[in-house]
S.K.: 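Dropping a structure here in structure tokens format, bear with me for questions.
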Protein chains: 2
Amino acid sequence: MRIGALGQVTGVDPETIRYYERIGLLPAPTRRANGYRAYGPAHLERLAFIRHCRALDMPLADVQRLLHLLDHPLDDCQDVDRLIDTHLAHVQGKLQSLQALARQLEQLRGRCHGQHATAECGIMHELVAAAQGENCVCHGSSVQAPLKNMWRPESQTG
Amino acid sequence: MRIGALGQVTGVDPETIRYYERIGLLPAPTRRANGYRAYGPAHLERLAFIRHCRALDMPLADVQRLLHLLDHPLDDCQDVDRLIDTHLAHVQGKLQSLQALARQLEQLRGRCHGQHATAECGIMHELVAAAQGENCVCHGSSVQAPLKNMWRPESQTG
DNA sequence: TAAAAACCTTGTAGTCACTATATGGTCAAG
DNA sequence: CTTGACCATATAGTGACTACAAGGTTTTTA
């Protein structure tokens with residue numbers, strides 16, 4: 001099958017398939033007389049595997065490692081477990097921070113109702129407050145340094 | 001103050017500050033005789049504002065728009081509201097899909113306990129199942145196309 | 001006073017996983 | 001014979017940095 005068909009079957013853009021080949025994730029297939037790539041079932045299987053891992057948001061480096069383990073099925077599967085554990089921890093961490101972020105944005109959004117000039121907008125005031133080093137609805141205090149007299153010519157930092 | 005001090009106060013890497021200047025997010029400061037950048041309070045304020053928006057995971061393009069609104073405080077703040085709303089919706093969408101992803105990975109992880117060869121690993125079997133077009137613990141069926149006879153020489157696609 | 005460390009400058013390339021564009025060859029249908 | 005869909009390559013762009021190279025300056029230390 002040609003690259004377009006493979007792309008349709010797997011749901012992977014042909015450009016992306018070529019990209020996978022370029023970075024060594026998918027083995028280069030044989031070519032026809034006209035130079036077109038000719039894929040077989042092995043390629044389809046491998047690409048579907050890659051696509052599934054990507055759907056699970058695994059980085060391509062991890063996918064590469066899993067493919068290697070697939071090619072060497074006698075190795076200990078602890079490597080697989082560790083990889084999935086690490087990835088899961090990563091995803092969970094991201095989830096936590098995203099939840100906190102959503103809460104912050106919701107609070108921020110609640111600062112403004114109706115229409116008025118930007119100068120009176122609660123959201124803007126809130127965002128600017130952070131630049132002043134005050135406590136904001138979002139973060140405790142993002143700028144802790146004393147903003148006293150760091151404007152002197154040079155080098156007397158205290 | 002010099003770029004290092006500004007970076008320390010705001011918690012932004014000097015390389016990043018120069019990057020912000022390059023892309024027009026932070027105005028270019030005056031230079032000293034030796035060519036060093038000399039920042040004033042206005043720069044600090046602006047950079048802290050940027051940093052705060054970035055902490056809220058806003059894209060720099062959005063930050064740019066907010067900065068423009070800051071510079072034109074008489075504009076209607078509806079633009080601010082819309083921007084925050086859009087961003088919040090984006091974050092909430094990402095949150096949803098990340099939650100689904102975490103669930104999927106947890107299920108996948110549960111497929112393997114103890115150590116054995118990769119060939120017997122439940123995780124690997126699960127991942128490979130997707131490549132076979134079967135229903136997996138993660139997705140309904142990621143490959144729906146009939147995998148019958150698409151291996152014929154060429155172009156008779158049915 | 002000299003050397004070393006820390007800082008600054010510019011420019012360029014690398015990251016990740018694509019995505020888009022340019023330019024041209026191949027093939028089937030009308 | 002032309003239109004359109006498909007394929008090929010190479011290159012550059014995305015976002016938001018990060019790292020490096022190769023040099024100049026300032027501060028600290030011995």
Side-chain angles (χ1 to χ4, degrees), chain A residues 1-26 28-39 43 47 50-67 87 90-91 94 150 152-158, chain B residues 1-26 28-39 43 47 50-67 87 90-91 94 150 152-158:
Chain A
M1 70 197 311
R2 299 189 313 192
I3 199 169
L6 181 64
Q8 274 220 313
V9 174
T10 56
V12 179
D13 191 278
E15 295 272 21
T16 304
I17 298 175
R18 281 191 277 262
Y19 167 72
Y20 286 163
E21 180 183 326
R22 209 159 58 240
I23 64 172
L25 204 60
L26 201 61
T30 56
R31 300 292 184 115
R32 313 206 176 189
N34 58 13
Y36 288 14
R37 290 171 176 82
Y39 292 100
H43 286 101
L47 183 55
I50 295 169
R51 175 167 157 34
H52 187 67
C53 291
R54 286 295 301 138
L56 293 172
D57 206 28
M58 290 184 205
L60 290 184
D62 282 14
V63 181
Q64 186 77 286
R65 284 176 54 200
L66 286 179
L67 284 169
H87 182 53
H90 178 76
V91 167
K94 219 161 130 183
M150 41 184 49
R152 306 242 207 78
E154 177 96 310
S155 80
Q156 53 259 51
T157 328
Chain B
M1 70 196 312
R2 300 191 312 193
I3 198 169
L6 181 65
Q8 274 220 313
V9 174
T10 56
V12 178
D13 191 277
E15 295 272 23
T16 304
I17 298 174
R18 280 191 279 262
Y19 166 73
Y20 286 163
E21 179 182 327
R22 207 160 58 242
I23 64 171
L25 204 60
L26 200 62
T30 56
R31 300 293 183 115
R32 312 205 176 191
N34 58 12
Y36 288 14
R37 289 171 177 80
Y39 292 100
H43 286 101
L47 183 55
I50 295 170
R51 175 165 157 38
H52 187 66
C53 292
R54 286 295 302 139
L56 293 172
D57 205 29
M58 290 184 204
L60 291 183
D62 282 13
V63 181
Q64 185 77 285
R65 285 177 54 202
L66 286 179
L67 284 170
H87 183 53
H90 178 76
V91 166
K94 219 162 131 185
M150 43 184 46
R152 307 245 209 76
E154 176 96 312
S155 79
Q156 53 258 49
T157 329

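Letters go in sequence order (proteins before strands), and every chain restarts at 1.
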S.K.: Which pair of non-hydrogen atoms, one from A38(A) and one from P29(A), has the smallest distance, and what is that distance?
M.R.: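 Closest pair (atom of A38(A), atom of P29(A), distance): O-CB, 3.3 Å.
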
S.K.: Which whole-number value in Å describes the distance from Y36(B) OH to dG24(D) P?
M.R.: 12 Å

S.K.: Please tabulate, one pair per line, each protein N/O and nucleotide N/O from nucleotides 12-16 of chain D that are separated by under 3.5 Å, including the distance.
M.R.:
| unit_1 | atom_1 | unit_2 | atom_2 | d |
| --- | --- | --- | --- | --- |
| dA16(D) | OP2 | L60(B) | N | 3.2 |
| dA16(D) | N7 | Y19(B) | OH | 3.4 |

S.K.: Going by salt bridge (charged side-chain N to carboxylate O under 4.0 Å, His left out), name the residues that satisfy it together with R37(A), two or more places apart in sequence or in a different chain.
M.R.: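 E21(A).
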
S.K.: E15(B) CD to dT12(C) P: how many Å, rounded?
M.R.: 15 Å

S.K.: Please give, in whole Å, the distance from dT9(C) C1' to N34(B) CG?
M.R.: 10 Å

S.K.: Looking only at atom types and distance, does a side-chain atom of R51(B) sit under 3.5 Å from a main-chain N or O of V12(B), one as donor and one as acceptor?
M.R.: no

S.K.: Rounded to whole angstrom units, what separation is found between the CD1 atom of I17(B) and the P atom of dC17(D)?
M.R.: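 Distance, rounded to whole Å: 11 Å.
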
S.K.: At under 4.0 Å between heavy atoms, what does R18(B) touch on the DNA or RNA strands: base, sugar-phosphate, or nothing?
M.R.: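 Counting heavy atoms under 4.0 Å across all strands, the contact made by R18(B) includes a base.
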
S.K.: Tell me: CG of D13(B) to C1' of dT15(C), nearest whole Å?
M.R.: 15 Å

S.K.: Rounded to the Å, how far apart are L26(B) CG and dC17(D) C1'?
M.R.: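 L26(B) atom CG is separated from dC17(D) atom C1' by 15 Å.
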
S.K.: Select one nucleotide: of dC6(D), dC8(C), dC27(C), the one nearest the side-chain heavy atoms of R2(B).
M.R.: dC8(C)

S.K.: Using a heavy-atom cut-off of 4.0 Å across all strands, would you classify I3(B) as base, sugar-phosphate, or nothing?
M.R.: sugar-phosphate

S.K.: Between R32(A) (CZ) and dC27(C) (C1'), how many Å, whole number?
M.R.: 12 Å

S.K.: Quickly work out the R37(A) CZ to dC6(D) C1' distance and round it to whole Å.
M.R.: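 To the nearest whole Å, that distance equals 13 Å.
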
S.K.: Determine, step by step, whether Y19(B) and D13(B) satisfy the side chain to side chain contact (heavy atoms under 4.5 Å, CB included) criterion, reporting the C-alpha distance in whole Å, the side-chain angles of both residues, the deciding distance to 0.1 Å, and the verdict.
M.R.: CA-CA 10 Å; Y19(B) 166 73; D13(B) 191 277; over 6 Å; no

S.K.: For the pair H90(A) and H87(A), name the ring-plane relationship: parallel under 30°, tilted 30 to 60°, perpendicular over 60°.
M.R.: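 Rings of H90(A) and H87(A): parallel, under 30°.
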
S.K.: Which heavy-atom pair separates V63(A) from C53(A) by the least distance, and what is that distance?
M.R.: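 Taking every non-hydrogen atom into account, CG2-CB, 3.6 Å.
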
S.K.: Can you measure from CE (M58(A)) to CZ (R65(A)) and round to the nearest 0.5 angstrom?
M.R.: 11.0 Å

